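What follows is a short report on a single structure.
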Amino acid sequence: VPYLTAQENVEFMLRLNQRLDKTGKLRSQELLSRLGLGERLTNLPAQMSGGQQQRVAIARALIHNPTLVLADEPTASLDTERAYQVVRTFAALIHENNRAGIMVTHDLRMCQYVDRVLQMQDGRLVREYTTKDEIMALARGE
């Protein structure tokens, strides 16, 4: 929302569900900080890069601690360092809260942070990677 700050954008989801309280405010700050936006809480979207705006959107998606997180190319407009940070944070939050996540990505380097990979080609499942060794080899491009 262009006229809301980063923190207000995340808290907007809590307001919609009448769940904005002190705990929600602290959680929004924590999520934004974990996504590298701790110093941008009061910035409007126009004052942030596209990648920063995308990280705000990710925090907004995670604010209710959903049972399932569906992420379609969550690192698409991020530089490599931020992409790794976002996927690591995604994975950590999902594991910490015993949740499930599905991420679609073309960036195989991100696979090192997941538990299972389903590789598709032309809309068909071509291979499944389930062991950490297989997944790490895929992430390394082997």
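Only a predicted model underlies this, so the values are computations on that prediction, with no experimental measurement involved.
The heavy-atom pair separating G101 from I94 by the smallest distance is CA-CD1, 3.8 Å. The two residues E128 and E134 come nearest to each other via the heavy atoms O-OE1, 4.4 Å. Between Q54 and A76, the closest heavy-atom pair is NE2-N, 4.1 Å. Looking at every heavy atom in both residues, T89 comes nearest to R34 through OG1-O, 3.3 Å. Between R82 and G36, the shortest heavy-atom distance links the atoms NH1-CA, 4.2 Å. Scanning both residues, R55 and L35, for their nearest heavy atoms gives NH1-O, 2.8 Å.
Annotation for E96: atom CD counts as buried by contact number, over 12 foreign heavy atoms lying within 6.0 Å. Around CG of D21, the count of heavy atoms belonging to other residues, nucleotides or ligands within 6.0 Å exceeds 12. For Q18, the CD atom sits in a loose shell: 12 or fewer heavy atoms of surrounding residues, nucleotides or ligands are nearer than 6.0 Å. The neighbour count for R99 CZ, taken as heavy atoms of other residues, nucleotides or ligands under 6.0 Å away, is above 12. Around atom CZ of R19, no more than 12 heavy atoms belonging to other residues, nucleotides or ligands sit under 6.0 Å away. The number of heavy-atom neighbours closer than 6.0 Å to OH of Y84, taken from other residues, nucleotides and ligands shown, is above 12.
Here the CG-CD distance, from L44 to Q53, works out to 10.5 Å after rounding to the nearest 0.5 Å. Atom CG of L14 sits about 7.5 Å away from atom CG of N17, to the nearest 0.5 Å. Separation of atoms CD1 (I58) and CG (L32) is listed at 11.0 Å; rounding is to 0.5 Å. In this structure, D115 CG and T130 OG1 are separated by 11.0 Å, a value rounded to the nearest 0.5 Å. Residue M110 holds its CE atom at 12.5 Å from CG of L138, rounded to the nearest 0.5 Å.
Criterion: ILVMFWY side-chain heavy atoms under 4.5 Å apart, direct or through other members. Under it, M103 and V126 are not part of a common hydrophobic cluster. In terms of hydrophobic clustering, with Ile, Leu, Val, Met, Phe, Trp and Tyr side chains grouped at heavy-atom distances under 4.5 Å, L62 and V1 are assigned to a common cluster. One hydrophobic cluster, built from ILVMFWY side chains closer than 4.5 Å, holds both L37 and F90. Both V56 and L16 belong to a common hydrophobic cluster when Ile, Leu, Val, Met, Phe, Trp and Tyr are linked at side-chain heavy-atom distances under 4.5 angstrom. If you chain together hydrophobic residues whose side chains sit under 4.5 Å apart, V104 and L125 never meet in one group.
A distance-only check finds a donor-acceptor pair linking the side chain of R27 to the backbone of I63 [under 3.5 Å]. Between the side chain of T75 and the backbone N or O of L78 there is no donor-acceptor pair closer than 3.5 Å. At distances below 3.5 Å, not a single donor-acceptor pair connects side-chain atoms of Q7 with backbone N or O atoms of Q29. Using modelled atom types, no side-chain atom of E11 and backbone atom of G24 make a donor-acceptor pair closer than 3.5 Å. The closest donor-acceptor contact from the side chain of K132 to the backbone of Q112 lies under 3.5 Å.
Two residues are said to be in side-chain contact when any heavy atoms from C-beta on lie closer than 4.5 Å; E73 and T105 meet this criterion. Using a 4.5 Å heavy-atom cutoff, the side chains of L118 and R116 are in contact. You'll find the side chain of K25 reaches within 4.5 Å of the side chain of L20, heavy atoms only. R40 has its side chain out of reach of T5: every pair of non-hydrogen atoms, C-beta onward, lies at least 4.5 Å apart. At least one side-chain heavy atom of P45 sits under 4.5 Å from a side-chain heavy atom of N9.
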Stepwise side chain to side chain contact (heavy atoms under 4.5 Å, CB included) test for L93 and L31: CA-CA 9 Å; L93 289 166; L31 280 172; 3.5 Å; yes
Under the criterion side chain to side chain contact (heavy atoms under 4.5 Å, CB included), I'd like the reasoning laid out for N43 against Q52: C-alpha separation, chi angles, the key distance, then a yes or no. CA-CA 10 Å; N43 285 97; Q52 290 169 331; over 6 Å; no
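Side chain to side chain, R88 and Q85 fail the donor-acceptor criterion of an N or O pair below 3.5 Å.
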